[in-house]
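A note on names: the letters A, B, ... follow the listed sequences, proteins ahead of strands, and every chain is numbered from 1.
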Amino acid sequence: MLTLKQIYDDKELVIAGLEKKRFSGAREAIDNVIALDQERKNAQQKKDSASQEMNSIAKEIGRLMGAGKRDEAEAAKAKTAQLKADIKTYEQEMAAAEERQTQALLQIPNVPYSIVPEGHSAEDNIAVKVGGWAYGEALKPLEQSAEQAFSAEGNGIALRDWPAAEDPQPAFAKLPHWELAKKYNLIDFDLGVKISGAGFPVYIGQGARLQRALINFFLAEAANAGYTEIMPPTVVNAASGYGTGQLPDKEGQMYHCEVDDLYLIPTAEVPVTNLYRDVILDEQELPIKNCAYTECFRREAGSYGKDVRGLNRLHEFSKIEIVRIDTPEHSDRSHKEMLAHVEGLLQKLELPYRILRLSGGDMSFTAALCYDFEVYSEAQKRWLEVSSTSNFDTYQANRLHCRYRRQEDKKVQIAHTLNGSALALPRIVAALLENNQTEEGIRIPKALQPYFGAEMIR
RNA sequence: GGAAAGUUGGCGGAGUGGUCGAUCGCGGCGGUCUUGAAAACCGUUGACCCGCAAGGGUUCGGGGGUUCGAAUCCCUCACUUUCCGCCA
């Protein structure tokens, strides 16, 4: 949630930012938070002075008792009854205002950075970089450096202006991955339905080995980039869900074990970020760079249709997540390093990709700046999202109470948190299978071969 | 699942109704000494909220209660440890 300091210091900027995020009633919501804060302060001041008086009377009674002056002590006691009632009233007022304020703050999304494009849908997202993609002249400007691409000055193409591609004529009919999975006996969707339900595929033989190869490849790449591997629990308590913001809003998206009141994680972000809940880090420990492979569980309530075909949308899938915690001064640099890392993975996998800067209206509730990575699937003729890499600024850390002690003045500051997928497996597998199919079999990218142990799936 | 014992500041560990935000040790920070470092010695050192400040309030696992006054007593919840049971 937003900090009160942000709201008091930059009220107009906050309101403008919320409007960019298509949050209706931004001004009213912010004014309401401020009003509730004043209410709380008033109650606290009244409570504090009543408490002060009470404390001094109690101390006086202690002294009188010690001196054996019982009568005077009894007289002093008589004065406390009204005070006591007052304190209780003020405390209740204070708690009520505080609670309403927190509730109000929880309804307000994060403020996007200035670099975030205006817009209200995916059409307004801007492609800032395209790689491994052979389409014509229109995309030339996107062969730009990361420095340009991830700055306000760089070039970009709004998706609404995305050039119509001429279909390259394949030498043979390209199959979608669900057919390839069957042809090469890699994944059995029907068996998954039998033992669990739709959206729980069973990977078999070379299909299972491909999963393991990708997991190991991604973890090894992350380790090379300096990330510490974490193997967290995949079941978490409610406090963790609140910490990273899955609760209360997205409760319906998580599987919930009611008897123990535990949730299956929808992403490793939840346990790995919550490692730092209620923690005060030393500035020298920053940036924290963690990575984790976990299974991720999503109920995907309400999804249907062709989007969910095959591996496109699952209830359980494997993902390697990178999580960073950094200072406000360095979080943007951290973010860029994460983007470079994810881009490097896609390059090594020789997949056509584009990097989108999400518009205000398409970003998640909690993000301040978010880039999506998409890979092109030749047989499905569509782009598939494989990573979302975000900077949450202080929004998540404020709720988590994740702070750090600043080196120069020893002051405790709210940290910045960031995370991104590096990468989610299913759609990578879909794109690999579809894009690399040949008449002889499916070609495994060179970088992956040592992990897979073969050059082809036959 | 049954039984018992615990939960105190960054860590260890005192404290069973009054001046206790909490003895002490370690660690951290500042200083003396030293060419430098170590040792020794001196000082300092939690978080949150209100306040321009002075200062005040809250906080001893969470919540509630008793009392003029609670780290200390009572209730309740959570967690931890040990033993028993079960078990990969």
Readout for nucleotides 63-77 of chain B: B = base within 4.0 Å of protein heavy atom, S = sugar-phosphate only, - = neither; 5' to 3' it is --S-BBS--------
Nucleotide paired to [N] in any strand shown, Watson-Crick or G-U, under 3.5 Å:
N     : result
B/C41 : B/G31
B/G46 : B/U59
B/G69 : none
B/A5  : B/U80
B/A22 : none

Between [M] and [N] - [atom1] atom distance, rounded Å:
N     : M     : atom1 : value
B/C74 : B/G55 : C1'   : 35 Å
B/C26 : B/G13 : P     : 15 Å
B/C50 : B/G36 : P     : 46 Å
B/U72 : B/G9  : P     : 15 Å
B/G10 : B/U35 : P     : 39 Å
B/A47 : B/U8  : C1'   : 14 Å
B/C60 : B/G21 : C1'   : 9 Å
B/C24 : B/A78 : P     : 37 Å

From CD of A/Gln52 across to P of B/G55 the rounded distance in Å is 12 Å
Taken to the nearest whole Å, CG/A/Asp278 to P/B/U59 is 18 Å
Review point. Under the criterion side-chain contact (heavy atoms from CB on, under 4.5 Å), which of A/Val236, A/Thr294, A/Leu264 is the partner of A/Val270?
Key: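 Only one of A/Val236, A/Thr294, A/Leu264 forms a side-chain contact (heavy atoms from CB on, under 4.5 Å) with A/Val270, namely A/Val236.
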| said: Can you tell me which residue among A/Asn110, A/Ile414, A/Leu400 is in a side-chain contact (heavy atoms from CB on, under 4.5 Å) with A/Tyr395? | reply: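 Of all the options given, the one that passes is A/Asn110.
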* Asked: Using a cut-off of 4.0 Å on non-hydrogen atoms, how would the nucleic acid contact of A/Lys47 be classed: base, sugar-phosphate, or nothing?
  ->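 Result for A/Lys47 = sugar-phosphate.
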Practice item. Give A/Gln45 one of three labels, base, sugar-phosphate or nothing, depending on what nucleic acid heavy atoms sit under 4.0 Å from its own. Key: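 Sugar-phosphate only.
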Does the side chain of [X] pick up a donor-acceptor pair with the side chain of [Y] at under 3.5 Å?
X        : Y        : result
A/Asp37  : A/Tyr8   : yes
A/Asn312 : A/Arg309 : no
A/Arg324 : A/Thr417 : no

* How do A/Met94 and A/Glu91 order along RNA chain B: which one's closest nucleotide is nearer the 5' end? ->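 Per heavy-atom nearest nucleotide, the more 5' residue is A/Met94.
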Exercise. Between A/Lys11 and A/Asp31, does at least one N-O distance fall below 4.0 Å, as a salt bridge requires?
Worked result: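 Salt bridge flag = yes for A/Asp31 with A/Lys11.
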Salt-bridge contact A/Lys77-A/Glu74 (side-chain N to carboxylate O under 4.0 Å):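 Looking at A/Lys77 and A/Glu74, the cut-off is met.
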Any [X] side-chain N or O less than 4.0 Å from OP1/OP2 of [N]:
X        : N     : result
A/Arg405 : B/G46 : no
A/Asn55  : B/G57 : yes
A/Arg403 : B/A47 : no

What I want to check is whether an N or O donor and acceptor connect the side chain of A/Asp48 with the base of B/G57 at under 3.5 Å.
no
If we only count heavy atoms from C-beta on, is the A/Ser364 to A/Cys370 side-chain gap below 4.5 Å?
no
Given B/C49, B/G51, B/G57, which nucleotide is nearest the side-chain atoms of A/Lys41?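 Among B/C49, B/G51, B/G57, the one nearest the side chain of A/Lys41 is B/G51.
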